[in-house]
Amino acid sequence: MSGLARRLVAGLAGLAGLLALRATSLVPHGDAPSHALLRLSWSARPERVETCRELSDAELAARPPHMRLRTECSGRFASYLLTVRLGAETVWTDTVRGGGLRNDRPMHLVRDLSVTPGQHPLQVSLARLDSAGVARDTSASPTGPLGDRGQREADERRRRAAEALPSLLVLDQATTFTAGRVVMVTYANEQRQFVLKTGGVP
Amino acid sequence: MPLFERLALRVVRALDAACHRLFGWRWNPLHQSGALACLLLVVLIATGLYLLLFYRVGTPWESVQRLQAQWWLGRWMRGVHRLASDLLVVAAVAHAVRMFAQARSWGPRTMAWVSGVFLLLFTFVSGWTGFVLVWDRFGGTLALAGARMMDSLPILSEPLVRVFQGERPVPGAFFFINLFLHIAIPLGMGAGLWLHVARLARPVLLPPRGLSVAGVIGMLVVVLALPMPLDAKFDPFAIAAAVPLDLSYAFWLPVADRLPAALAWTGAVLTFTAALLVPMLTRRARAGAWAPSVVDPATCTGCEQCPQDCPWDAITMVPRPEPRGAHSALVAQVDPSLCVSCGLCAASCAPMGVGPLHRSGRDQIPRIRAFAREALQVPGQVVAVTCENAAPGQLTALASRGAVVYPVPCTGNMHSSVVELALRGGAAGVIIFSCPPRDCRGREGPTWLEQRIYREREAELQARVDKRRVALATMAIGDLPGTLTAFTTFRQRVAGLVPPGLDPSSEMEVACEPPAPHVGAPT
Ligand code: HEM
Ligand code: SF4
Ligand code: SF4
């Protein structure tokens, strides 16, 4: 082979190598899906389940100043029964709790469920399992040995209760599932209800 | 491990042979894989700087789309950036496999190996951030895959995947962090590279200019002919299908998708740990062929040649302990923890005062004498000195053409007196076949050999030797025609010379004796 021909072969071989490399950088992954997905995805604070008792002024006075709370509560965070139904079929049910070892953190839920495309009556419900002693809006007296701390205490309890999940959340809606697309059920903290998202495209 | 090394060596040799046939050994990119990786880092930084000018963390995909619309510059800058990043992985892996196959992964090379493993890891992480920056379907898929892997660890209380699943727009801060990492990691790799080659003398950081230019032009031609497409923007509400994966960076994704996260993590951690442990697993006893070099202080004249030649800076000149008598003030000293036993120093030393056990100049003299006595019986024979790592098939072919093959551990380890003694012992000529220079396990063997034979580098081939009877050639695996042509051409050349027996060179025998060590005080 002449020098020129050799160089030409070398150049073409080099280009072929680079083209092969380019091909390996665009390898299609994943088959066209024949199913749709129902995605459950939210973060929410579970309610506090507790038994509370109002302390008398004498009891409060006996405590060190930094431990004076008008309402003394003990309890835990609620757990919920999550049920997902498509038409008459229950496709998923589970008990869900707050995060962390003591379940005192927000509940984070991420779950994808495969769904046959088409229109289905979709029902997602999240129902509190623990019924007794859910934290109430206690209106502590702003007077007494606590001064305005009693008020702040009451405000804080009200705020926490407002941030927490309602005892029952239900989404019930005929929903169209398209092959290859995701329908998401999420929890809107401001409206305190489930909302459906489809990404704006069918 | 030896089994894996042998397997890897087979692969390396097969690929080398193919490259030698296609490109010739001078242009074999596999010999230059480490230097090519450095060049690609430079290309990536240069093209990346341009891309940075147009990238917007607030509208990532849209800004790449605008770049892609710049048909005159942006599109091909992006294409070269992408192709170079793929080539970087290929070059770094090829380089690592070569080092492993050639048993260059342990002992004094441990730091180079371990830092290399981290360089490769950083290459992957930096590539990951780069693909995510584009926020096309592949970028989103990678982000989700990374988030799923993180979520499987009990570190974060809130699942990371929710960030990418469409509940809310992905925050700009995420792209900012990615961009920061994408720039910071390559800068860190610069420091890593310094550590990687810190122990080498004269590291070769760039390939020969021709190969560099050809490589860059080749990438340009490919991206101009077939521009790198920009895939659709990542849609969290679409189930990923036919996402164009970049296998250099996401080869693991199809596997990890099918495995439980714990298993995928185990696989990744085990692979990384195994890569880090290679220096321990491939370590040899420092004896026999792996014995470090030693200096004979009585012979060393303090000429300071061996510290200049050692490719690992393992030799320093130190003051001689008193009393030094007739000796030089300085004497060479080998640090065994830095010495890779390449043996190049043995050929540096005119008085033959340094070298690994059984491979110093002094050890080589009786061996070549015995060889000449046994093998050089017929006048006119040509000795072909070959490296131990040469392809056996090519040695057999040489022998079948009448060459008297004399294998040495490395031609850079061979003292020039061996050539002289072979001629003196009756050889009509000596042709020395070295490995291609960038494939020498001793890094600089063929380079120093050429300078010792032709350019009077210490310890040079003596002027009294008829240089027409000596030739240097390269024996590249797979290039049998090249080897045979070099041999037959040389044999024809020496056949036309006056027979050596008629040449007056009476002093040669005496001159080739290793000088007696200097002993005692001056008179
Ligand atoms: C971005 C990645 C890398 C770059 C840019 C790079 C670059 C280099 C360069 C320029 C050299 C010096 C070559 C010479 O002058 O002879 C070298 C040597 C070396 N590299 Fe790498 N390298 C990379 C990755 C790796 C990896 C992944 C490994 C192994 C896991 C590795 C192992 C080594 C070893 C052991 C040496 C010493 C070679 C010897 O025996 O002399 N490198 N590298
Ligand atoms: S054998 Fe000699 S040249 Fe090679 S590393 Fe050791 S001291 Fe340096
Ligand atoms: S080459 Fe030989 S003489 Fe010169 S410094 Fe090294 S050991 Fe000493």
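Chain identifiers are assigned alphabetically (A, B, ...) following the order of the sequence lines, protein sequences preceding nucleic acid strands; residue numbering begins at 1 within each chain. Computed over heavy atoms, backbone and side chain alike; hydrogens, waters and symmetry mates excluded.
By the salt bridge (charged side-chain N to carboxylate O under 4.0 Å, His left out) test, A/D112 pairs with A/R39, sequence neighbours left out. Annotation: ring pair (Phe, Tyr, Trp, His ring centres under 6.0 Å) contacts of A/F77 (sequence neighbours excluded): none.
Across A/S41, A/P33, A/G99, the residue that shares the most heavy-atom pairs under 4.5 angstrom with chain B is A/S41. Between chain B and the options A/L12, A/L26, A/L19, the largest number of non-hydrogen pairs under 4.5 Å is found for A/L26. Ranked by heavy-atom pairs shorter than 4.5 Å toward chain A, the options B/P236, B/A214, B/A225, B/P29 are led by B/P236. Here B/L226 is the residue among B/L22, B/L253, B/L226, B/D86 with the most heavy-atom pairs under 4.5 Å with chain A.
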- Task: Apply ring pair (Phe, Tyr, Trp, His ring centres under 6.0 Å) to B/F124 and B/F251, showing your working.
- Result: CA-CA 11 Å; B/F124 282 129; B/F251 57 91; 5.8 Å; yes

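Near-neighbour residues of residues 147-167 of chain B relative to chain A, defined by a heavy atom under 4.5 Å from a heavy atom of that chain, comprise B/S157, B/E158, B/P159, B/V161, B/R162, B/Q165, B/G166, B/E167.
Within the 4.5 angstrom heavy-atom criterion, only backbone atoms of A/L109 (N, CA, C, O) approach chain B. Heavy atoms closer than 4.5 Å to chain B are found in the side chain of A/T186, but not in its backbone. Heavy-atom distances place both the backbone and the side chain of B/L87 under 4.5 Å from chain A. Neither the backbone nor the side chain of B/V223 comes within less than 4.5 Å of any heavy atom in chain A. Heavy-atom distances place the side chain of A/V110, and not its backbone, under 4.5 Å from chain B. If you measure heavy-atom distances from A/A179 to chain B, you find no contacts under 4.5 Å at all. Heavy atoms closer than 4.5 Å to chain A are found in the side chain of B/V221, but not in its backbone.
Identified under the side-chain hydrogen bond (donor to acceptor under 3.5 Å, both in side chains) test for residues 7-34 of chain A, with sequence neighbours left out: A/H29-B/D257.
No donor-acceptor pair closer than 3.5 Å links the side chain of B/R137 to the backbone N or O of B/K233. Although no hydrogens or angles enter the test, the distance criterion places a donor-acceptor pair under 3.5 Å between the side chain of B/N28 and the main chain of B/L30. Checking side-chain atoms of A/R192 against main-chain N and O of A/A164 turns up a donor-acceptor pair under 3.5 Å. A donor-acceptor pair is defined here as one N or O able to donate and one able to accept, closer than 3.5 Å; no such pair exists between the side chain of B/Y249 and the backbone of B/V125.
Using a 4.5 Å heavy-atom cutoff, the side chains of A/T71 and A/R53 are not in contact. Contact annotation: the side chain of A/L165 approaches that of A/Y80 to within less than 4.5 Å [non-hydrogen atoms, C-beta and beyond].
Taking the six-membered ring for Trp, B/H31 and B/H95 have ring centres at least 6.0 Å apart.
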